[in-house]
Amino acid sequence: MNTAFRIRLLIGTLTMVVITLASSPLQAQLLGQVSTARTLERGANDVGGYLGLFEDYTTVFGQYRHGLSGNLDFGLQGGIVDPDARGADAGLIIGGDLKWMVMAAGADPLDMALAARASIYDVGNLSVFSVGGLVLISRDYRLSQGSYLSPYGGVNVRIEHSSFDSDGFGSGDSFAARIAQNGDDSDTELDIGGVAGVKWEMSDLIDAIGELVLDDNWGIVLGLNFKL
């Protein structure tokens, strides 16, 4: 089985998983991915700022990424999450990931990375902690003016623990309703979501990011990365 066939098989399998589970009662991955499978060079740094527009939430967050080696980097994210039309105050969201590039385009058809991710957000009387892994693929395409366009996509599998005070939510709150229908004030689930996006190298210093988050709260993330 050659490498190209294995990649096509993997992409097809991941796509089917996301489609099959898209209607499941998942929680939201509100930070997005905002990076491709390609890791930063050792000692390199990126700083980014992003706006996330989700079905039930709006997020404003930043990211710091640092290259540990030629195929390993990490990122730290943090920001504000605002629950739209829920009557709750804005809360905080933080996260981090460690990404390992296991395949590089050239001899192989695509870049591929595996990542470990964790995040936590606290909004009003709802707290959600998640930890899991991510499979991410991407490919850099050189444009005529010398810059690069890099489409990417990935699937994350995670364990999420949600806890809430039912007095803090209205009857229309989807997260609270899903947990309260079982008579619980907390819930732990194995969840799956996906991302599909593109990075555009605007200059040697700035990249633009546009991303679609395929999760319970579907949304888009837009922002800029600054290469330091």
Side-chain angles (χ1 to χ4, degrees), residues 28-54 57-82 90-101 105 111-123 130-143 146-156 158 193-215 217-228:
Q29 191 70 19
L30 300 176
L31 286 171
Q33 172 57 32
V34 297
S35 70
T36 69
R38 185 162 290 275
T39 52
L40 298 181
E41 295 295 329
R42 181 176 181 178
N45 299 282
D46 273 8
V47 175
Y50 317 93
L51 172 66
L53 302 173
F54 295 87
Y57 292 93
T58 300
T59 59
V60 178
F61 64 98
Q63 175 181 237
Y64 167 74
R65 295 202 72 85
H66 177 75
L68 298 173
S69 68
N71 62 352
L72 188 68
D73 68 10
F74 74 89
L76 300 173
Q77 304 89 32
I80 298 172
V81 52
D82 181 25
L92 296 176
I93 183 168
I94 58 174
D97 70 89
L98 180 66
K99 186 172 65 180
W100 174 38
M101 189 170 69
D111 297 321
M112 177 181 290
L114 305 176
R117 302 183 66 185
S119 67
I120 184 170
Y121 62 91
D122 188 278
V123 185
S130 72
V131 60
L134 171 77
V135 178
L136 187 65
I137 58 175
S138 65
R139 180 66 188 262
D140 294 342
Y141 293 96
R142 189 175 181 87
L143 303 178
S147 62
Y148 287 89
L149 195 67
S150 306
Y152 63 91
V155 172
N156 66 78
R158 62 192 188 275
V195 295
V198 62
K199 182 183 79 171
W200 174 37
E201 184 185 55
M202 300 175 64
S203 71
D204 291 339
L205 299 177
I206 302 175
D207 294 331
I209 293 282
E211 182 173 297
L212 174 65
V213 179
L214 310 170
D215 218 307
N217 266 264
W218 292 48
I220 60 172
V221 176
L222 304 171
L224 297 174
N225 287 337
F226 298 91
K227 294 171 275 190
L228 304 181

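The CD1 atom of Ile209 lies 10.0 Å from the CG atom of Leu222; values are rounded to the nearest 0.5 Å. Atoms CG and CG, on Asn156 and Leu214 in that order, are 10.0 Å from each other to the nearest 0.5 Å. Atom CZ of residue Phe61 and atom CD1 of residue Ile80 lie 12.5 Å apart, to the nearest 0.5 angstrom. With rounding to the nearest 0.5 angstrom, the CZ atom of Phe74 is 5.5 Å from the OH atom of Tyr64. From Leu68, atom CG reaches atom CG of Asp73 across 7.0 Å, with rounding to the nearest 0.5 Å.
In this view, Val60 and Leu51 satisfy the side chain to side chain contact (heavy atoms under 4.5 Å, CB included) rule, not counting sequence neighbours.
In Leu76, the CG atom is crowded: over 12 heavy atoms of neighbouring residues, nucleotides or ligands sit closer than 6.0 Å.
Between Met101 and Thr36 the shortest side-chain heavy-atom distance does not fall below 4.5 Å. Side-chain atoms of Trp100 and Asn71, non-hydrogen and from C-beta on, do get closer than 4.5 Å to each other. At least one side-chain heavy atom of Leu72 sits less than 4.5 Å from a side-chain heavy atom of Leu98. The side-chain heavy atoms of Thr58 and Leu53, taken from C-beta on, include a pair separated by under 4.5 Å. By the 4.5 Å heavy-atom criterion applied to side chains, Leu149 and Val198 are counted as neighbours. Within the 4.5 Å cutoff, no side-chain heavy atoms of Lys199 are placed close to those of Tyr148.
The shortest heavy-atom contact between Leu31 and Ser119 is CD1-CB, 4.1 Å. Taking each heavy atom of Glu201 and Ser147 in turn, the nearest pair found is O-CB, 3.1 Å. Of all heavy-atom pairs between Val34 and Asn225, the closest is O-ND2, 3.9 Å. In terms of heavy-atom proximity, Ala37 sits nearest to Ser138 at N-OG, 3.1 Å. Contact record, Val221 with Phe54: CG2-CZ, 4.0 Å, taken as the closest heavy-atom pair. The two residues Gly193 and Asp215 come nearest to each other via the heavy atoms CA-OD2, 3.8 Å.
Remark: of the listed residues Gln77, Gln63, Glu211, Gln63 is the sole one forming a side chain to side chain contact (heavy atoms under 4.5 Å, CB included) with Tyr50.
Contacts classified as salt bridge (charged side-chain N to carboxylate O under 4.0 Å, His left out) and involving residues 33-53 (residues at least two apart or in different chains) are given here: Arg38-Asp111, Arg38-Asp140.
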With side-chain contact (heavy atoms from CB on, under 4.5 Å) as the test, would you mind laying out the steps for Arg65 and Asp97 before giving the verdict? CA-CA 9 Å; Arg65 295 202 72 85; Asp97 70 89; 3.0 Å; yes
Leu92 vs Asp122, test: side-chain contact (heavy atoms from CB on, under 4.5 Å). Steps then yes/no. CA-CA 6 Å; Leu92 296 176; Asp122 188 278; 5.7 Å; no
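Residues Ser35 and Gln33 bring a donor and an acceptor atom of their side chains to less than 3.5 Å of each other.
Using a 4.0 Å cut-off between charged side-chain N and carboxylate O, Lys227 and Asp207 make a salt bridge.
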